[in-house]
Amino acid sequence: MLEIKNLSFGFGGRKVLEDVNFTIDEGESVLIAGKNGAGKTTLLRCLNGIFNNYEGQILLNNKKIEAKDRYSFGYLPSSLSFYDKMKIGESIDFHKSIYPYFSLITFPDYKLETNRRIEELSKGEKVLFYLILVLSHNPSYFFIDDILHLLDPYLRETFLNILIERMEEKKLSVIISSQTFSDIEGLPVKLIILDKGKIILKESVETLKRAFFKVTAKKIPEDLPVIYKKDWGDFEEGYLYPYERKKSEDLKMESVKLSEIIKSIIGGNYVKKRD
Amino acid sequence: MKIYNDFKIDFSSAVPIYDQIKKHIKYLVLSGDLKENEELPSVRKLASFLKINPNTVAKAYRELVFEGVVDSRPGKGFWIKKRKGGDGEKEKILKEEFEKFVEKAVELGFSSKELREFLIKFIGGKDA
Amino acid sequence: MLKKEIKDTIGELLIILLLIIGLSFLALIKGVEFYIIPLLELILLLYPVFSGWSIFSREKKENSFEYLFSLPIGKNSILINKLIPRIVSVLLVLVIYLPLREYFASDFFFDKNIFIILYLLLFILSFSFSLLFNNIAMVLASITFFGMFMILIDMKVWKLLWYSDIYILIIIVALSFPIVFIYSFIKDDILPIKLFNRKFLTRSIITFIIVLVGLTVFIKLSGMNNYNYYMLTKNGKIIISDVKSLKVVDAETGKTILSIDYKVFPIVYKDDLLYGETEEKDKSKLISINLKTKEIKNIHEAEKYSFFSNPHINDNGITFLVREGGDYKSILIINKDKIRKIDFPKGAISGGVFLFKLISESPLCFIYTKYNNKTYKYENGKTEHFFTGDIKFYKNRMVLCDKSSFKVYERGNSEPVFAKNEGGHIFLKWFERPYEKRFMVVKLTSGVYIFDFETLDLHKINLKFKKDNSVVTGSFVDKTIIAIWNNNTPYITVMVYKKGRLISKKGYKSSFKKDKYIYLSRKGMMVIKWMKKYEFIKF
């Protein structure tokens, strides 16, 4: 279990993360969302040893995290930082020399050309190669920082299947920070939304969906908890949260997809209400 | 396998995914599309097919076992459970479910006439 | 991790080793070595710069830090894994190159110790700057800037005289960069690099200033940059100059006989006259001070930063070499009130001169010995190698002593007046250059002898000493005094011989252990702790 307790981080006097608290269980998958600059990448960097000067604690199985704990971590940074001058074969050897349980996974319909240099790969190919490399050292926690959109839809599906397999078989926990995720809707069980470095929402997807509704009406009543509203002229469209559905209701209400929920939370006045 | 036919998760629904799976399987059992002793797809396979978290599939299967719809043998997989009793038992289960349904319909403000029309339309629609 | 770093290092190592081998072969070709050897030295000094800088420059260029730090390796291990192969290769190149440069022994080379210090200094500095600069030119520029700044500090603030002191202090100052770098690397987050560099730079500049100020205070308080020049005259007067003033002390009583507020660097003493060098605004001057009358006399003026060196006293007076702008320009001959200057023909003399003896003025003929023990003779407008070994003069006699023979010649006679078919070594210290002493101590294969230049007698004496012993000899009309000491103990053994016969042997204990040298007089010896302190021990 990975526990993040009162995590705060800043650089150059600017606060980037403030009092972040959450836990990730074995086999759990968490989606971290938020506007650009909300602190998603910084959070993942704190968890993966790039930033160490944070306040608060990161605990793995109740112990303060150390460098060696990262044997069970896999990290796909959005920067795709790597030894670009290396050949694919060399980089596999290098990665292998560091992770003792490395066993190269095969990706259906994709053959690694060991003589090509990393810098010669396209961005999508680099993401794929990185994924293969990281999954090959058999991590228990897999952090993906908003990079999957660079994969083509076919590879994205293949990758998703590998993830599902790992989650089922090896209790892999997946932590994804993402902006676009229509094809991974069904993966996360927990949603964390960051805004200006603070967690503004931390909820199981199941609970969230039960209390989230889209309402369409000529005029949405003032007493409803509208967090995001669009005026179409002759009618209004609004998102309600948290809302418990009444026994009798005249309003047209419908449930919405996770992506729409996130959009309305980070874009609406849910944020403002909390300030 | 019949289970995959027309099996789509509605991600915009407030009904939790595991519940959607449960409902789908129960419906197939009821309609006879899933027969007794018929093997269900593995958790991984169904999760990959539906592009969802395998834990969600596992949760649905677990609850189906608990409710007596599905049988599990550790390490081997999941089967549709053999019905105890005959059609009487079937009727009893359906009756229980139906009571819940009627209760919900009343909650939502359906009149008995509306409910009857709805049912006829629903069954008719399915038959068609 | 280590494997990759070793691989990265070996590539660079092979290139430098090939360069060393290639250039060394080229240097064996006559005429080319003049260009090749300095080039080799320069390339060798670039290697530690490159190796130190490469420690993180690749990560920075390839943007691979995020990957590197996400690996399950602590920062300490990353640093160690990166440093070890580079330190090993840098030391390896040094170990290979040192004997090579000894073999070439070029005038262009730095002194061996200075080279080693410079080589290591370049490594630690460029290592500290490996995250700061994107290209090696910036590293070189900053190191050059640092070096020039330190030279300026030494010239204007520290005013130290000894290279060894200056280099040690510069190393201490320079160490503040790698220490701060390692501290920052372990403590701070490396990304974003700009922020890391800002913190590192602020910290190192503060540390640098603190260390610089601390060292300066230390130098001033400890008197590290106060120098004294000591001299003991045959009649027991101690001459002390701290450059700003001059003092003459009676060795036996310790009383100050004379004190003059005059900026002078003493060179040689003869008949109550102390010859010294003084610097004025735009010139250097050779002066004489009469220790009885305090009268100061100008003897010769030369352009600024000239040296008057290699004094040689004989019956005809004193000769000095005049060095202007690094080259020996002329000979100065002082005989009572008569001063004569003879300019050297071009190319007649070069390099550092250990001893100099003028043989005749017209036609000009002289002999000089360089620090490598090679003696050259200038005669008939030509300089030729004359002898390799120890050489010493007395009046019109000259002794040549090498590994295989000991021969004494007299002017105008090509056959030796005395010869012994075994070689050895004459004891001759830099501060007792041939002042026409009658007795000398020589160690030959068969033993140690006292040689009398007057009678040409070679007296064997029963004297044993170890390799690291220092020996100084004094000759006084009829007797020879020999002092032997070791620089690691405070003990000094003093023996007095008369016609080769030991008449007294006594042990003395000095308050100084290291860096001591001794002047002998008839009544006692002055033990000097290198430019700092002295004591007079009575026999």
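Chain identifiers are assigned alphabetically (A, B, ...) following the order of the sequence lines, protein sequences preceding nucleic acid strands; residue numbering begins at 1 within each chain.
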If one checks every heavy atom of B:K59 against chain A at 4.5 Å, the contacting part turns out to be side chain

The interface call for B:I17 against chain A, heavy-atom contacts under 4.5 Å, is side chain

Of A:E169, A:E254, A:K214, A:E165, the largest count of non-hydrogen pairs under 4.5 angstrom with chain B goes to A:E165

Mark yes when over 12 heavy atoms from residues, nucleotides or ligands other than B:K45 sit less than 6.0 Å from its NZ; otherwise mark no. no

In short, A:S255 meets B:A14 closest at the heavy-atom pair OG-CB, 2.8 Å

**Prompt:** Are more than 12 heavy atoms from other residues, nucleotides or ligands located less than 6.0 Å from atom OH of A:Y101?
**Reply:** no

When every non-hydrogen atom of B:S13 is compared with those of A:K209, the smallest separation belongs to O-CD, 3.5 Å

Rounded to the nearest 0.5 angstrom, the CD1-CZ distance for A:I184 and B:F11 is 10.5 Å

Would you tabulate the side-chain donor-acceptor contacts of residues 46-54 of chain B under 3.5 Å, counting partners in other chains and residues two or more places apart, or write 'none'?
unit_1, atom_1, unit_2, atom_2, d
B:S48, OG, B:R44, O, 2.9
B:K51, NZ, A:N161, OD1, 3.4
B:K51, NZ, B:S48, O, 2.6
B:N53, OD1, B:N55, N, 3.0
B:N53, OD1, B:N55, ND2, 3.3
B:N53, ND2, A:S29, OG, 2.6
B:N53, ND2, A:L187, O, 2.7

